[in-house]
Amino acid sequence: MSKWTKSEFVEALRTNCSREIAKIGERIIEFSEEHASEMSWGRGDGHGTFTFRCNSDFGVLPLFHMTSEGTLNIQVNFLRSKGVPKQVLLDMVRKLESNFLREYDAVMYDVDTFEPISELFFTSSQVDKFLNTMEGCCYRLRQ
């Protein structure tokens with residue numbers, strides 16, 4: 001049973017983060033309500049967590065986690081470990097790399113970590129591109 005709800009999570013996000021980061025978090029939640037196969041809220045006491053999951057041939061897979069402290073964890077390595085089709089993973093990684101100007105290959109990004117949203121997104125178009133990447137990934141996983 002989850003302890004956190006959407007309203008509690010958003011309120012904590014607004015309290016813990018700058019106005020800009022809270023707005024990005026809210027956009028990600030709104031997107032998730034439309035595109036996720038499943039959304040889950042955390043049970044922890046220290047901070048809230050939110051997980052975006054997508055149906056696939058491999059079961060329901062988490063694509064990313066977000067915390068009420070304004071961090072995002074993109075599940076690239078978890079998807080690698082599940083044997084997601086190479087085309088899906090390659091498409092996702094290339095789009096993330098071009099959007100965030102970071103390496104997401106198995107050597108440079110060998111473990112999924114929580115990154116501050118403030119260090120990932122500098123423009124609203126980066127948020128749009130991230131959401132489009134997640135939407136495309138969901139579409140391809142559901143095929």
Side-chain angles (χ1 to χ4, degrees), residues 1-85 88-142:
M1 179 107 209
S2 69
K3 175 182 178 180
W4 288 83
T5 64
K6 176 186 173 185
S7 59
E8 292 170 332
F9 185 90
V10 169
E11 184 60 36
L13 196 59
R14 289 177 182 161
T15 301
N16 297 328
C17 304
S18 69
R19 183 173 168 230
E20 293 80 18
I21 299 306
K23 284 187 174 213
I24 291 170
E26 290 178 55
R27 265 188 76 193
I28 291 171
I29 292 168
E30 289 170 12
F31 164 83
S32 300
E33 289 175 324
E34 185 176 336
H35 295 283
S37 301
E38 182 180 299
M39 295 171 55
S40 63
W41 304 98
R43 294 176 282 192
D45 292 324
H47 62 268
T49 55
F50 157 72
T51 303
F52 177 103
R53 290 188 174 88
C54 177
N55 285 331
S56 75
D57 291 341
F58 306 94
V60 181
L61 298 175
L63 297 187
F64 63 86
H65 305 289
M66 185 170 58
T67 70
S68 61
E69 295 177 332
T71 61
L72 192 67
N73 181 329
I74 305 168
Q75 295 287 285
V76 174
N77 288 302
F78 178 79
L79 295 174
R80 280 188 184 115
S81 74
K82 290 298 180 185
V84 169
V88 176
L89 197 56
L90 206 55
D91 183 54
M92 179 183 183
V93 166
R94 285 186 177 154
K95 288 178 179 175
L96 290 173
E97 287 177 342
S98 69
N99 191 37
F100 297 134
L101 302 176
R102 295 172 172 224
E103 296 285 335
Y104 284 95
D105 64 358
V107 174
M108 297 297 290
Y109 189 78
D110 59 343
V111 69
D112 296 325
T113 60
F114 281 93
E115 303 284 340
I117 290 173
S118 61
E119 293 179 14
L120 291 174
F121 302 106
F122 297 102
T123 65
S124 66
S125 72
Q126 283 182 302
V127 179
D128 294 338
K129 289 176 184 176
F130 169 73
L131 297 177
N132 288 338
T133 298
M134 292 300 115
E135 181 179 4
C137 189
C138 284
Y139 176 77
R140 295 184 93 179
L141 285 171
R142 291 177 183 149

With [X], which residues qualify under side-chain contact (heavy atoms from CB on, under 4.5 Å), at least two apart?
X: Lys23; result: Arg19
X: Ser124; result: Arg27
X: Arg140; result: Gln87, Val88, Asp91

Heavy-atom pair of closest approach, residues [X] and [Y]:
X: Gly83; Y: Phe58; value: O-CZ, 3.2 Å
X: Thr67; Y: Phe9; value: C-CZ, 3.5 Å
X: Gly44; Y: Trp4; value: O-NE1, 2.8 Å
X: Phe31; Y: Leu131; value: CZ-O, 3.3 Å

Among residues at least two apart in sequence or on other chains, which ones pass ring-ring contact (aromatic ring centres under 6.0 Å, His included) with Phe50? Trp41
May I have all residue pairs that pass side chain to side chain donor-acceptor pair (under 3.5 Å) and include part of residues 74-85, sequence neighbours excluded? Asn73-Gln75, Asn77-Arg80, Asn77-Asp112
What I want to find out is whether Lys3 reaches Glu8 closely enough, with some N-O distance under 4.0 Å, to be called a salt bridge. no
Have a look at Met66 and tell me which of Thr51, Ile29, Ile24, Thr71 forms a side-chain contact (heavy atoms from CB on, under 4.5 Å) with it. Ile29
Side-chain donor-acceptor pairs of residues 99-108 under 3.5 Å, sequence neighbours excluded:
from, atom 1, to, atom 2, distance (Å)
Asn99, ND2, Gln126, O, 3.0
Arg102, NH1, Glu115, OE1, 3.2
Asp105, OD1, Met108, N, 2.7

Nearest-0.5 Å distance, NZ of residue Lys6 to CD of residue Glu26: 8.5 Å
Rounded to the nearest 0.5 Å, the SG atom of Cys138 sits from the CE atom of Met92 at a distance of 9.0 Å
